[in-house]
Amino acid sequence: MLFRSRVRISYLFLLAVVLMICYQCRSHQNAELPREPISRWKNLSDTARYVGINTCKTCHSDVYETFIETGMGKSFGHATLNKTSGRFTSSTDIFDSSSGFHYHPYWKDSTLFIKEYKIKGSDTLLSRVEKIDYIVGSGHHTNSHILNRNGYLYQAPFTFYVQKGIWDLPPGFEKGYNSRFERALGLECISCHNAYPKFVEGSQNKFTKIPEGIDCERCHGPGSIHVQEKYAGAKVDIRHDTDFSIVNPS
């Protein structure tokens, strides 16, 4: 009995020592953890709002004029003759061997159209024409094309590959995966290639506002607080101090 009592006491003593060491280690680790700093950047607040590139332009016109000529500035826009990098001829034809559909892009006055058709021998089995509303891509690599059906955006089945100088199906439309005019373009798609649009929550691909090109606030954050402070007369000498009303990535 005496031996068992001594063993039990030894176990309890050892357990107490282990618990004390663990507590001290944990206390030491917690003491070394830095506190989460409160951000000084005002426009990280949930009260900040996006104001759009044209508002930024009113004070930063020189930066605006150079930025809109960059790849980001040209990433997205209405389908116009100035926007396109494509080479259009009367014989331009994209053929999808998997589905048997042909695609012919063409301009009528200043409006871009795509004609889809299928032929058998000398007979036309199907013919369909869709108006193109937007061109996505800076023109450095590709121009892809989007149609707008009452706010619902879909990718059209033709792309101009700038570096190769050729027309072909878009990525993901090849090898039997041609979705024709039904590839829905959701928020992730549009906001990656463009400034932040106004998206209809609960929809798959409906938008109430489509910007034109990746803009200032994608890198600098929402500008409403910055604009309010400047209109109120707040000045910061950024040669010596930081203007915390707007994020400067540099």
Side-chain angles (χ1 to χ4, degrees), residues 53-54 68-69 71-174 177-186 189-190 192-195 197-198 200 203-215:
I53 193 170
N54 288 322
I68 59 172
E69 296 301 322
M72 294 177 72
K74 293 181 174 182
S75 63
F76 199 103
H78 285 284
T80 64
L81 288 165
N82 290 331
K83 171 62 179 166
T84 186
S85 299
R87 301 171 187 171
F88 297 85
T89 69
S90 58
S91 60
T92 298
D93 184 84
I94 303 163
F95 178 60
D96 178 12
S97 59
S98 297
S99 66
F101 285 110
H102 293 257
Y103 296 95
H104 173 61
Y106 66 96
W107 292 90
K108 185 176 181 181
D109 297 325
S110 58
T111 303
L112 180 59
F113 294 92
I114 181 73
K115 179 181 179 180
E116 178 190 64
Y117 63 99
K118 182 180 285 190
I119 57 177
K120 184 176 181 180
S122 58
D123 295 329
T124 300
L125 302 181
L126 176 147
S127 182
R128 173 180 179 178
V129 173
E130 293 283 352
K131 175 179 172 290
I132 300 302
D133 296 282
Y134 298 104
I135 295 175
V136 57
S138 65
H140 293 167
H141 301 286
T142 63
N143 275 172
S144 288
H145 304 84
I146 297 173
L147 49 126
N148 183 346
R149 297 177 188 152
N150 298 318
Y152 293 90
L153 299 189
Y154 299 88
Q155 185 174 0
F158 70 113
T159 289
F160 185 70
Y161 293 85
V162 179
Q163 295 175 349
K164 295 180 180 179
I166 62 170
W167 291 99
D168 207 341
L169 294 172
F173 279 71
E174 322 95 322
Y177 291 97
N178 183 359
S179 49
R180 300 173 66 196
F181 300 97
E182 302 304 323
R183 176 182 278 185
L185 298 177
C189 237
I190 299 302
C192 182
H193 292 278
N194 200 4
K198 288 187 178 179
V200 177
S203 75
Q204 183 183 9
N205 61 324
K206 188 174 184 179
F207 301 84
T208 57
K209 182 179 179 182
I210 305 292
E212 291 188 60
I214 296 170
D215 62 14

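- A search for ring-ring contact (aromatic ring centres under 6.0 Å, His included) contacts involving F158 returns H145, W167, not counting sequence neighbours.
- We find the CD1-CZ distance between I135 and F76 to be 10.0 Å, quoted to the nearest 0.5 Å.
- Partners of H140 by ring-ring contact (aromatic ring centres under 6.0 Å, His included), not counting sequence neighbours: none found.
- Taking CD from E174 and CG from D168, the interatomic distance works out to 7.0 Å, rounded to the nearest 0.5 Å.
- Residues passing the side-chain hydrogen bond (donor to acceptor under 3.5 Å, both in side chains) test with S97, sequence neighbours excluded: none.
- Residues that satisfy the side chain to side chain contact (heavy atoms under 4.5 Å, CB included) test with S122, not counting sequence neighbours, are absent from this structure.
- Taking every heavy atom of both residues into account, T92 and R87 meet most closely at OG1-O, 3.8 Å.
- Inter-residue side-chain proximity for F207 and N148 is flagged as unmet; no heavy-atom pair is nearer than 4.5 Å.
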Worksheet item: Can K83 and H78 be said to form a side chain to side chain contact (heavy atoms under 4.5 Å, CB included), step by step?
Response: CA-CA 7 Å; K83 171 62 179 166; H78 285 284; over 6 Å; no
Practice prompt. Assess whether side chain to side chain donor-acceptor pair (under 3.5 Å) is satisfied between T89 and S91, documenting all intermediate values.
Written response: CA-CA 5 Å; T89 69; S91 60; 3.2 Å; yes
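- Residue Q155 holds its CD atom at 5.0 Å from CZ of R183, rounded to the nearest 0.5 Å.
- Remark: H141 engages Q163 in a side chain to side chain contact (heavy atoms under 4.5 Å, CB included) (not counting sequence neighbours).
- Counting only residues at least two apart or on different chains, the salt bridge (Lys or Arg N to Asp or Glu O under 4.0 Å) pairs with a member in residues 121-140 are R128-E130, K131-D133.
- With sequence neighbours left out, the side-chain hydrogen bond (donor to acceptor under 3.5 Å, both in side chains) criterion links S179 to no other residue.
- The structure places CG of L153 at 6.5 Å from OH of Y134, a figure rounded to the nearest 0.5 Å.
- Remark: F95 pairs with H102 by the ring-ring contact (aromatic ring centres under 6.0 Å, His included) rule, at least two apart or across chains.
- Residue pairs meeting the salt bridge (Lys or Arg N to Asp or Glu O under 4.0 Å) criterion with at least one partner in residues 149-158, sequence neighbours excluded, are R149-E182.
- Contacts classified as salt bridge (Lys or Arg N to Asp or Glu O under 4.0 Å) and involving residues 90-107 (residues at least two apart or in different chains) are not found.
- Annotation: the span from S144 atom OG to H193 atom NE2 amounts to 8.0 Å, rounded to 0.5 Å.
- Nearest approach of A156 to F173, heavy atoms of both residues: O-CZ, 4.3 Å.
- Listed by chain and residue number, nothing satisfies the ring-ring contact (aromatic ring centres under 6.0 Å, His included) test with Y154 (two or more places apart in sequence, or in another chain).
- Closest approach of C192 and I214 over heavy atoms only: O-CD1, 4.0 Å.
- Contact check for T84 versus F160: no side-chain heavy atoms found under the 4.5 Å cut-off.
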Please list, one pair per line, the donor and acceptor atoms closer than 3.5 Å that link side chains of residues 105-115 to other protein atoms, with sequence neighbours excluded.
none

Item to complete: Using the side chain to side chain contact (heavy atoms under 4.5 Å, CB included) rule, take L169 and Y103 through it: C-alpha gap first, then chi angles, then the decisive distance, then the call.
Response: CA-CA 9 Å; L169 294 172; Y103 296 95; 4.3 Å; yes
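- Rounding to the nearest 0.5 Å places CG of L126 at 5.5 Å from CZ of F101.
- Within a 6.0 Å radius of OH in Y161, more than 12 heavy atoms belonging to other residues, nucleotides or ligands are found.
- In terms of heavy-atom proximity, N205 sits nearest to A184 at ND2-CB, 3.6 Å.
- Residues A195 and D215 share a closest heavy-atom pair of CB-OD2, 3.3 Å.
- I132 and I146 make their closest contact through CG2-O, 3.6 Å (heavy atoms, listed as atom of the first residue, atom of the second, distance).
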